[in-house]
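Just so you know, ligand 1 is whichever comes first in the structure, and atom 1 is the first atom listed for that ligand. Please read all numbers here as calculations on a predicted model, not as lab measurements.
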Amino acid sequence: MKKILILPGDGIGPEIVAEARKVLDCLRADHGLQVEVEEGLLGGCAVDAEGAPLPESTLGKAKQADAILLGAVGGPKWDSIERDLRPERGLLGIRAALELYANLRPAVLFPALASASTLRPEVVAGLDIMIVRELTGGIYFGQPRGIRTLDNGERQGFNTEVYSESEIERIGRTAFEAARKRGGRVCSVDKANVLEVSELWREVMERVARDYPDVALSHMYVDNAAMQLVRDPRQFDVIVTGNLFGDILSDTAAMLTGSIGMLPSASLNAAGRGMYEPIHGSAPDIAGKGVANPLATIMSLGMMLRYSLDEVALAQRVQQAVERVIEYGLRTADIAGDHTSPVSTAEMGDAVVAALALN
Ligand code: NAD
């Protein structure tokens, strides 16, 4: 039986994960899903309880699991502690330990939410982009890194942007495979006019493209890509890029859809095991108030069903249930606009569970 590890994390993490758990329990009870489920600590809560953001016990469970569902980690309480103990280190640690190198972030605009975008509806209606971000390399992991003191006494911070051919090739293949199942186009985003690492990135992408003659490859500099994402986002199908550029562009794409609370993500390794999480953070400003949007986490569970559990029919069922509650007009505060009175986190989760029975 496949094993799922649930890591609620910090801030709104436990609130939104509780709603995804309701959906998971419903799928197990009523829709024949057979999985073992256990929970663990990651992030600030793990620092408090065990003195480390990624305790050995959690890492052990993560290595045994076929898939992990994560809420979010971090918060002001842990912002000023020693860098190695920060909650984000736990997140980076688990990504690195499991070699979750491919981060898939769909940015899809639900028709009923077109007015929630800050862009005009005619620019974003029907938006359906997949951003494939490299997640275990680049400047977030490159050595050397640190803060050093120069001979003149001034301090200097430094990091290293580094990508090997094999790292570029495997994320390239992930993007081309994804494009094959979608619109057949990959746009590779880099900064090849300035960075040598991007020159190599471009060369390897061209090489990988030869194995996918049915997919069209284009290249774009990251500054232009940022501009094009807000000017005419529907020109894109699959965007593939490195860790740093992907971090920024995927948040821009998130905003196009109107709410950061609506966007799931998958981080996969070569074996198809993965960690699934909403793209947003722990939202300390609204934690504990019961107002957070749980849909990104519920749709992350949907991605888990599709990519790690081979339960495509159940994945579609979850997606349809989410679409249905949106069509009914249910809105948490972040997507309510001025018109609707918002529902709570728990009410939204209950509505998705109720909609599952209708499919
Ligand atoms: P954030 O995503 O937590 O919040 C940004 C804004 O979006 C806030 O106003 C928040 O209230 C709102 N928001 C986010 N998720 C929401 C949801 N589900 N429903 C409704 N509103 C939502 O980003 P931030 O404020 O920059 O970071 C807060 C903390 O989260 C920091 O400690 C940061 O390091 C951490 N963080 C964690 C992850 C992760 O766990 N993957 C990702 C990003 C940030």
Side-chain angles (χ1 to χ4, degrees), residues 6-20 40-48 53-54 58 68-81 83 85-96 98 100 103-105 113 116 118 133 135-136 140 243-244 246-267 274-301 303 322 325-326 330-337 340 342-349 352:
I6 297 188
L7 302 170
D10 310 314
I12 60 169
E15 299 167 51
I16 52 179
V17 162
E19 302 313 311
L41 295 173
L42 182 79
C45 60
V47 173
D48 289 351
L54 175 54
T58 301
I68 300 167
L69 183 68
L70 170 69
V73 299
K77 182 177 175 194
W78 304 282
D79 274 352
S80 48
I81 59 174
R83 206 172 301 122
L85 289 182
R86 296 214 183 128
E88 294 74 12
R89 283 294 166 112
L91 195 58
L92 296 181
I94 211 165
R95 285 174 182 165
L98 301 184
L100 303 175
N103 186 218
L104 272 53
R105 291 189 177 200
L113 292 180
T118 47
R133 167 187 169 196
L135 204 58
T136 52
Y140 291 177
N243 207 342
L244 173 64
D247 194 359
I248 298 164
L249 294 181
S250 53
D251 273 13
T252 307
M255 222 30 242
L256 301 176
T257 68
S259 171
I260 199 165
M262 295 292 299
L263 296 174
S265 77
S267 306
M275 183 155 75
Y276 297 82
E277 54 179 315
I279 71 149
H280 59 71
S282 59
D285 52 333
I286 56 167
K289 296 184 180 163
V291 299
N293 187 343
L295 293 180
T297 314
I298 291 172
M299 287 188 281
S300 299
L301 174 66
M303 290 187 85
V322 170
V325 298
I326 293 293
L330 266 79
R331 304 279 187 272
T332 41
D334 55 314
I335 50 173
T340 329
V343 299
S344 69
T345 308
E347 284 166 334
M348 188 59 109
V352 174

Proximal ligand 1 atoms for [X], defined as those under 4.0 Å from one of its heavy atoms:
{"X": "Gly281", "value": "1 (P), 2 (O), 3 (O), 30 (O), 36 (N), 37 (C), 38 (C), 42 (C), 43 (C), 44 (C)"}
{"X": "Ala292", "value": "19 (N)"}
{"X": "Glu277", "value": "41 (N)"}
{"X": "Gly75", "value": "32 (O)"}
{"X": "Leu91", "value": "39 (C), 40 (O), 41 (N)"}
{"X": "Ala72", "value": "40 (O)"}
{"X": "Gly74", "value": "32 (O)"}

Exercise for the section: Report yes or no: does Thr345 contribute a side-chain atom to a donor-acceptor pair with the main-chain N or O of Val291 at less than 3.5 Å? Expected result: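 At least one qualifying donor-acceptor pair exists.
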Expected output: side-chain Ser265 to main-chain Glu277 donor-acceptor under 3.5 Å |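 Side chain of Ser265 to backbone of Glu277: a pair is present.
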For [atom], closest protein heavy-atom neighbour:
{"atom": "atom 19 (N) of ligand 1", "answer": "Asn293 N, 2.9 Å"}
{"atom": "atom 15 (N) of ligand 1", "answer": "His280 CG, 3.1 Å"}
{"atom": "atom 7 (O) of ligand 1", "answer": "Ile260 CG2, 3.7 Å"}
{"atom": "atom 9 (O) of ligand 1", "answer": "Asp285 OD2, 2.9 Å"}
{"atom": "atom 21 (N) of ligand 1", "answer": "Ile286 CD1, 3.6 Å"}
{"atom": "atom 29 (C) of ligand 1", "answer": "Ser282 OG, 3.2 Å"}
{"atom": "atom 3 (O) of ligand 1", "answer": "Ala283 N, 2.7 Å"}

Exercise for review: Test Arg89 against Leu54 for side-chain contact (heavy atoms from CB on, under 4.5 Å), laying out the working first.
Suggested key: CA-CA 8 Å; Arg89 283 294 166 112; Leu54 175 54; over 6 Å; no
Applying a 4.0 Å heavy-atom criterion (strictly less than), which segment of [X] is in contact with ligand 1: side chain, backbone, both, or neither?
{"X": "Val73", "result": "both"}
{"X": "Thr332", "result": "neither"}
{"X": "Pro284", "result": "side chain"}
{"X": "Ile16", "result": "neither"}

Less than 4.5 Å apart, side chain to side chain, heavy atoms only: is that true for Leu91 and Leu70?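 Side chain of Leu91 against side chain of Leu70, heavy atoms only: contact under 4.5 Å found.
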Supply the atom-to-atom distance Ser282 OG to Glu15 CD, rounded to the nearest 0.5 angstrom.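 Answer for the OG-CD pair, Ser282 versus Glu15, is 10.5 Å.
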As a test of the contact definition, would [atom] count as having a protein heavy-atom neighbour under 4.0 Å?
{"atom": "atom 34 (O) of ligand 1", "answer": "yes"}
{"atom": "atom 17 (C) of ligand 1", "answer": "yes"}
{"atom": "atom 39 (C) of ligand 1", "answer": "yes"}
{"atom": "atom 25 (O) of ligand 1", "answer": "no"}

message = Using a strict threshold of under 4.0 Å (side-chain N to carboxylate O), is an ion pair present between Lys77 and Asp10?
response =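 Between Lys77 and Asp10 there is no salt bridge, as every charged N stays at least 4.0 Å from the carboxylate O atoms.
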